[in-house]
Amino acid sequence: MTKTTSLLLIHFSFYTIFLLLFSHANSKLNAEEQAILLNLKQHWQNPQPLRHWTPSNSVSHCYWPEITCTDGSVTGISLPNMTITGTVPPFICDLNNLTAIDLSYNYMTSNGFPTAFYNCSKLVNLDVSQNNFVGKVPDDIHRMAGLRQLNIGGNGFSGNIPASIGRLTELRILKLFACQFNGSFPPEIGNLSNLERLELAYMTTIMPARLPLEFTKLKKLKYLWMAGSSLVGEIPDTIGEMVALEHLDLSRNNLSGNIPSSLFMLKNLSKVFLYINQLSGEIPRVAEALNINVLDLSENDFTGSIPDDFERLTKLSGLSLFFNQLSGKIPDSIGRLPELINLKLFNNNLSGTLPPDLGRYSMLEEFLVLSNKLTGHLPQHLGDNGRLTRVEVSDNNLSGQLPKSLGSCNNLIILRVENNRFSGNIPSGLWTLLSLCKLLLSNNSFTGELPERLSRNLSRLEMSHNKFSGNIPAGLTALPLLTALLLDQNQFSGSLPSHFLSWKSLTTLHLSRNAISGQIPEEFGSLPRLTDLDLSENQLSGQIPLQLGLLKQLDSLNLSSNHLIGKIPNEFENDAFAGSFLNNPRLCANSPSLNIPKCNSKPQNSSKISSTFLASIIGLVIAILLVSAASFFVIRNYLKKKHGLDIKWELTPFQRLNFTESDILPGIIENNVIGSGGSGKVYRVVVNPPREIVAVKRIMNNKRLEQKLEKQFLAEVKILSSIQHTNIVKLRCCIFNDHSKLLVYEYLENRSLDLWLHGESARGSPILAVVGSYGYIAPEYAHTTRVNEKIDVYSFGVILLELTTGRKACDGDEYTSLAEWAWRHFQEGRYVVDACLDEVVKELCYLDEMYGVFELGIICTGPSPLTRPSMKEVLKVLLRCNDQTLVYGEKNTHATLTSTV
Ligand SMILES: *[C@@H]1O[C@H](CO)[C@@H](O)[C@H](O)[C@H]1NC(C)=O
Ligand SMILES: *[C@@H]1O[C@H](CO)[C@@H](O)[C@H](O)[C@H]1NC(C)=O
Ligand SMILES: *[C@@H]1O[C@H](CO)[C@@H](O)[C@H](O)[C@H]1NC(C)=O
Ligand SMILES: *[C@@H]1O[C@H](CO)[C@@H](O)[C@H](O)[C@H]1NC(C)=O
Ligand SMILES: *[C@@H]1O[C@H](CO)[C@@H](O)[C@H](O)[C@H]1NC(C)=O
Ligand SMILES: *[C@@H]1O[C@H](CO)[C@@H](O)[C@H](O)[C@H]1NC(C)=O
Ligand SMILES: *[C@@H]1O[C@H](CO)[C@@H](O)[C@H](O)[C@H]1NC(C)=O
Ligand SMILES: *[C@@H]1O[C@H](CO)[C@@H](O)[C@H](O)[C@H]1NC(C)=O
């Protein structure tokens, strides 16, 4: 029997039972109700998922899975995620026994709350969340007096939340999250004395206000979700009167003051999220709140120590107190909590030794205490239960050896112990743990040798500044995912492996300050991603292999202080490599700017060496002068501009240029247009023949840009221009006057942004013209003509979403743009998002980073321009994603990002 037939049979029997149980007593076909349902289907233009809704006078519509009947009459319609477009028709309430309507996750529209529902006089449960409804919720909403559940979240409703909502006194569940309401939260909500669940989160447009005191009158409320809703001031002491409270999420607000101790009198409190606020003072003792399961108070200003009665929290599985100013010792009793899974205490001022029993009694998975002042050893039993996925203890004063048991933690993904005083050998099992992605050991006193075989999944191996010794084994080159290998400042010796088995991902290789001898293998020339190579201060000899010159993407090269001889490859005859070859007395170059002897000149003597040194000092001074001069010109230009003295074109370079504005301007002609977008046209301009081709994007402006905006624009463009990333077109300079701006990019023949993002499937459209087409453009762009930064941030956000999901901007699904599509998935939580990340680039090791970038994309494409970050902030977060000295983007470390919707 096939799966389909068996499924059909199961369905068939289900409906039979259904029929017997509910409809048999009154099985006569209610033809009138069936007609109404068929009209609904037609009104919504026959959505595909409702194709089985067909007229029949033998089979009752009560068998349709979306329909619930009671006594043969329709009482429930459940149509979530049915690709329904259009409005709510008034005749829906002709089904006058309806008690439950679920139209969530569709594409329905209306101007204002659909008052058609008012006529459903028996309505109890109404869910219209995650649609495209906009406009006001009317003041007479209380007419739906029987409602027990109302969910209108994830729509574009705006204006005030009507106070009359407080008159729906039967309500048990009220969800208004992620709408565009302004004004303030009506205190009348506190009159809903039966309310059990209240969701008002991510109301980013609401006026900053205190948590209404009246809400704390809700004696039956179990679930309060007001994350990201502009709350300011203190948490009211009366919160201790909300005796039924189990789940409290006030994260991502601007709350200040202490946590009232009354909060921890609540016996049923289980999940508490107060992260990302400005709460201060000491963390109160847990008193009566012994059911707490997750406590996240991170990213606040708490001081004092971790209360010593936390040992009473026998159900605690997640404790996050990171990014505060907590001091004192971590209570030893924390190590004995039987349910503890995640412990995140990093970036505080904690001192003393770690709880000795950590890992001994619980299934600890994440242990993050980096950036504190901890001393002593790692807990001996830390790895005993084998569940650990992350251990991050860097930037402390820890010493001793790593516990052996870490080597048998088969789930360990990240181990970071850098910047401590650890010593001894690395537990041998660690090297080959298949789960391990990042092993960061730098700045300790570890000893021992590298093994011949290492885990193939390592993506970062950092061992700088230790006492490791021995050879660099060939097995180290057999790591296909390795992106960074830092072995500098150790006692490695012998020669470099001459066969690179697989370093396909390697971008950074630091081997400086060891005792490595022999030649530089020519195979370096075939590392496709290498951008940063440092072999300085070793005993390398022989010539620099010509193949090294083939590394086009190399940004940083240091071969100084070795015994290299001969002429450097021609590709390096370039100022950019001025410091790359110093102190190799027998090395020579043609260009004087490299600060090494000129080829074919007389052999060196010792006085020449010191003149080389002198030359490099002079070079440095000249460089400083140049930088000062450049700043002077930039400032002068800015000042000139500010005073409006100069209406001529001005050029701000972001790189060394071989052209001036007079080379570019003649090329801004119609014949050179290769595309046009929302904000202007793109030209292909040939300058400085025969080589240089640039793409020029012209942004027209009718009015003078405000000075402030101008300055900001320049500053941000400058940062962008300094990013080195293969996926970002390089900005070379900006040319502007009061009316027009020209952004000059490097031109890549037949390569567009689109092409970069979508490889094979690309359409070959011109550079950046893509920005300005459907999917990239912020929704408010329809209402404004001014080119503004927040519109660009939106477009950039779409690009981030494209990179992480592998989808195109216009490719949400049938009815949505990618941004809307992503937002829907985001709402459903981390697991759903993880599942929809691009399979092509998805790596277990980078899941957090990818999620971080996806989330940044979500924030950048927020519907309200006010809540979008500036480009500066975006870059800060992106750089943070990439920065190994800081942990992952803050958000990934919170137990839940969005509480379940
Ligand atoms: C909506 O339906 C599609 C396909 O029918 C499915 O893949 C998706 O998971 C559903 N989403 C929700 C929220 O139910
Ligand atoms: C609603 O239910 C009542 C009895 O439960 C029934 O008499 C009435 O016909 C139903 N209404 C419709 C429109 O079927
Ligand atoms: C409710 O039904 C009455 C009678 O059918 C109709 O006149 C009225 O317009 C309806 N109200 C709404 C809000 O649809
Ligand atoms: C609130 O929104 C309404 C409708 O969008 C708008 O007319 C009103 O000006 C807004 N009020 C405030 C204070 O922003
Ligand atoms: C509802 O709450 C408001 C403000 O909190 C109060 O003024 C009003 O009297 C309450 N209404 C009822 C019916 O309890
Ligand atoms: C607390 O939870 C218990 C167990 O679920 C329940 O019986 C009790 O009624 C709750 N207390 C309050 C005040 O809601
Ligand atoms: C929070 O408060 C700080 C100053 O206390 C302010 O700079 C910031 O803009 C506020 N943030 C929000 C979201 O209100
Ligand atoms: C951190 O703790 C030290 C003492 O261990 C103290 O001197 C210092 O002020 C503390 N710093 C902060 C920011 O609390």
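Each residue takes its place number in the sequence, starting with 1. Whatever order the structure lists them in is the order used to number ligands and atoms, beginning at 1. All figures in this text were calculated on a predicted structure; none of them were measured in a lab.
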Could you go through residues 304-317 and list every donor-acceptor pair under 3.5 Å that involves a side-chain atom there, pairing it with any protein atom two or more places apart or in another chain?
unit_1, atom_1, unit_2, atom_2, d
Asp308, OD1, Arg285, NH1, 2.8
Asp309, OD1, Val286, N, 3.3
Asp309, OD2, Val286, N, 3.1
Arg312, NH1, Ala287, O, 3.0
Arg312, NH2, Ala287, O, 3.2
Lys315, NZ, Asn291, OD1, 2.5
Ser317, OG, Asn293, O, 3.4
Ser317, OG, Asn293, ND2, 3.2

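A donor atom on one side chain and an acceptor atom on the other are found under 3.5 Å apart for Asp237 and Ser262. Remark: the Thr83 side chain and the Gln48 side chain contain no N/O donor-acceptor pair separated by less than 3.5 Å. Ser251 and Asp249 share a donor-acceptor pair across their side chains, judged by distance under 3.5 Å alone. Judged by distance alone, the side chains of Asn254 and Gln278 do bring a donor and an acceptor atom under 3.5 Å apart.
The side-chain heavy atoms of Glu188 and Ile165, taken from C-beta on, include no pair separated by under 4.5 Å. Counting heavy atoms from C-beta on, the side chains of Thr99 and Asn125 never come closer than 4.5 Å.
Each of the atoms 12 (C), 13 (C), 14 (O) of ligand 2 lies under 4.0 Å from some heavy atom of Glu33. Residue Glu214 has at least one heavy-atom neighbour below 4.0 Å for each of these atoms of ligand 5: 5 (O). Under a 4.0 Å criterion applied to the non-hydrogen atoms of Asn30, ligand 2 contributes the atoms 14 (O). Listed by number with element, the atoms of ligand 2 under 4.0 angstrom from any heavy atom of Asn97 are 1 (C), 2 (O), 3 (C), 8 (C), 10 (C), 11 (N), 12 (C). Listed by atom number, the atoms of ligand 2 under 4.0 Å from Asn96 heavy atoms are 11 (N), 12 (C), 13 (C).
With a heavy-atom cut-off of 4.0 Å, Val74 does not touch ligand 2 at all.
For Lys329 and Asp332, the salt-bridge test passes: some basic side-chain N is under 4.0 Å from an acidic carboxylate O.
For the ring pair (Phe, Tyr, Trp, His ring centres under 6.0 Å) criterion with Phe177, the lone passing option out of Tyr202, Phe157, Trp225 is Trp225.
At least one cation-pi condition fails for Arg336 and Tyr361: the charged atom is not both under 6.0 angstrom from the six-membered ring centre and inside a 45 degree cone around its axis.
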Please tabulate, one line per pair, the protein nitrogen or oxygen atoms found under 3.5 angstrom from a nitrogen or oxygen of ligand 6, with distances to 0.1 Å, or say none if there are no such pairs.
unit_1, atom_1, unit_2, atom_2, d
ligand 6, 2 (O), Asn268, OD1, 3.2
ligand 6, 2 (O), Asn268, ND2, 2.4
ligand 6, 11 (N), Asn268, ND2, 2.8

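In this structure, Asp71 does not count as a contact residue of ligand 2, since none of its heavy atoms falls inside 4.0 Å of the ligand.
Considering both main-chain and side-chain atoms, Asp94 never comes within under 3.5 Å of ligand 2 through any nitrogen or oxygen pair.
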